[in-house]
Amino acid sequence: MMKLIRFVLGKVILFLDRVFTPVAMQRSAQDQAKVDARLPSLMIYELKTCPFCVKVRRSMKRLNLKITLRDVANDPMAYQELMEGGKQDQVPCLRIVSTEGKVQWLYESSEIIQYLETEFLAQ
Ligand SMILES: N[C@@H](CCC(=O)N[C@@H](CS)C(=O)NCC(=O)O)C(=O)O
């Protein structure tokens, strides 16, 4: 029963997200290219119907960021990476590779959104 409720809720969340898709901010072609060049250093581990992941994906849309998404439910490798790297069985999680190659695993949707806004809102 709980599985069914979760399934239906997930579909409702995805439907509402599609209907009320946020408007993407616009940058000049040059600025967007600069932003896009930074995105391979970021990766988001997520679940499609997790409301916290939807929140993060909506922020990505608003900020016009095409960050690679890894669905931990359908990609065993992604789940293994998350558990080995981040060490917490929780999504969303943002994997950040610094310019020096240092890897950081950032949990909590509000912190991820704050990070993305700090890095990309003014660019
Ligand atoms: N406070 C967290 C909550 C994240 C959360 O509860 N995610 C769920 C999926 S919707 C999860 O990963 N649950 C597994 C667990 O916590 O072990 C956030 O805002 O990111």
Side-chain angles (χ1 to χ4, degrees):
M1 189 62 186
M2 276 309 285
K3 250 189 172 175
L4 180 67
I5 293 173
R6 227 177 277 158
F7 177 79
V8 173
L9 266 182
K11 293 286 176 199
V12 171
I13 287 170
L14 288 181
F15 174 74
L16 290 175
D17 180 40
R18 196 160 301 162
V19 171
F20 300 104
T21 299
V23 178
M25 67 180 280
Q26 296 301 312
R27 302 179 178 90
S28 69
Q30 200 180 7
D31 285 348
Q32 188 63 47
K34 267 192 217 161
V35 165
D36 290 346
R38 294 181 55 200
L39 300 184
S41 65
L42 303 177
M43 203 173 272
I44 290 176
Y45 293 75
E46 60 143 18
L47 288 171
K48 286 290 163 239
T49 55
C50 158
F52 305 98
C53 301
V54 171
K55 219 173 92 183
V56 169
R57 290 203 303 270
R58 290 178 70 80
S59 157
M60 280 171 53
K61 276 186 201 153
R62 259 191 306 273
L63 294 167
N64 205 349
L65 303 172
K66 285 165 194 72
I67 300 172
T68 302
L69 298 170
R70 307 286 304 278
D71 183 346
V72 297
N74 293 311
D75 180 350
M77 274 291 285
Y79 181 69
Q80 195 181 334
E81 285 167 23
L82 177 70
M83 292 312 295
E84 286 175 7
K87 314 261 190 255
Q88 277 183 65
D89 188 5
Q90 184 180 297
V91 290
C93 178
L94 175 65
R95 180 180 185 269
I96 307 162
V97 183
S98 73
T99 41
E100 299 81 37
K102 205 175 142 231
V103 180
Q104 184 193 349
W105 297 80
L106 183 63
Y107 284 92
E108 291 300 324
S109 52
S110 46
E111 290 197 25
I112 294 170
I113 291 168
Q114 197 178 355
Y115 174 87
L116 296 178
E117 287 180 349
T118 305
E119 293 293 318
F120 297 107
L121 193 55
Q123 285 203 344

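Every number for a ligand or one of its atoms is a count from 1 in the order of the listing.
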| said: Is there a polar contact between ligand 1 and Asp89, counting only N or O atoms under 3.5 Å apart? | reply: yes

Item to complete: Please check if atom CD in Gln104 has more than 12 non-hydrogen atoms from other residues, nucleotides or ligands closer than 6.0 Å.
Response: yes

Quick note on ligand 1: atoms under 4.0 Å from a heavy atom of Cys50 include exactly 9 (C), 10 (S)

* Just checking, is any N or O donor in the side chain of Glu100 or Ser98 under 3.5 Å from an acceptor N or O on the other one? -> yes

Margin query: Under a 3.5 Å threshold, yes or no: a donor from one side chain and an acceptor from the other, between Tyr79 and Asp89?
Written below: yes

Closest heavy-atom approach to atom 8 (C) of ligand 1 among Thr49, Val91, Ile112 is made by Val91

The atoms of ligand 1 lying under 4.0 Å from a heavy atom of Ser109, numbered in the order shown, are 18 (C), 19 (O), 20 (O)

* When clusters are formed by joining ILVMFWY residues with side-chain heavy atoms under 4.5 Å apart, either directly or through shared neighbours, do Leu69 and Val103 land in the same one? -> no

* To do: Output yes when the distance from some N or O of ligand 1 to some N or O of Ser110 is under 3.5 Å, and no in every other case.
  => no

Closest to atom 6 (O) of ligand 1 among protein heavy atoms sits Phe52 CE1, 3.7 Å

Listing, residues 15-23 side-chain donor-acceptor contacts under 3.5 Å, not counting sequence neighbours, or none:
{"residue": "Asp17", "atom": "OD1", "partner": "Arg58", "partner atom": "NH1", "Å": "2.7"}
{"residue": "Thr21", "atom": "OG1", "partner": "Asp17", "partner atom": "O", "Å": "3.2"}
{"residue": "Thr21", "atom": "OG1", "partner": "Arg18", "partner atom": "O", "Å": "2.8"}

Ligand 1 atoms nearer than 4.0 angstrom to some heavy atom of Pro92 are 20 (O)

among protein heavy atoms, the one nearest atom 1 (N) of ligand 1 is Glu108 OE1, 2.7 Å

Side-chain donor-acceptor pairs under 3.5 Å in residues 2-12, sequence neighbours left out?
none

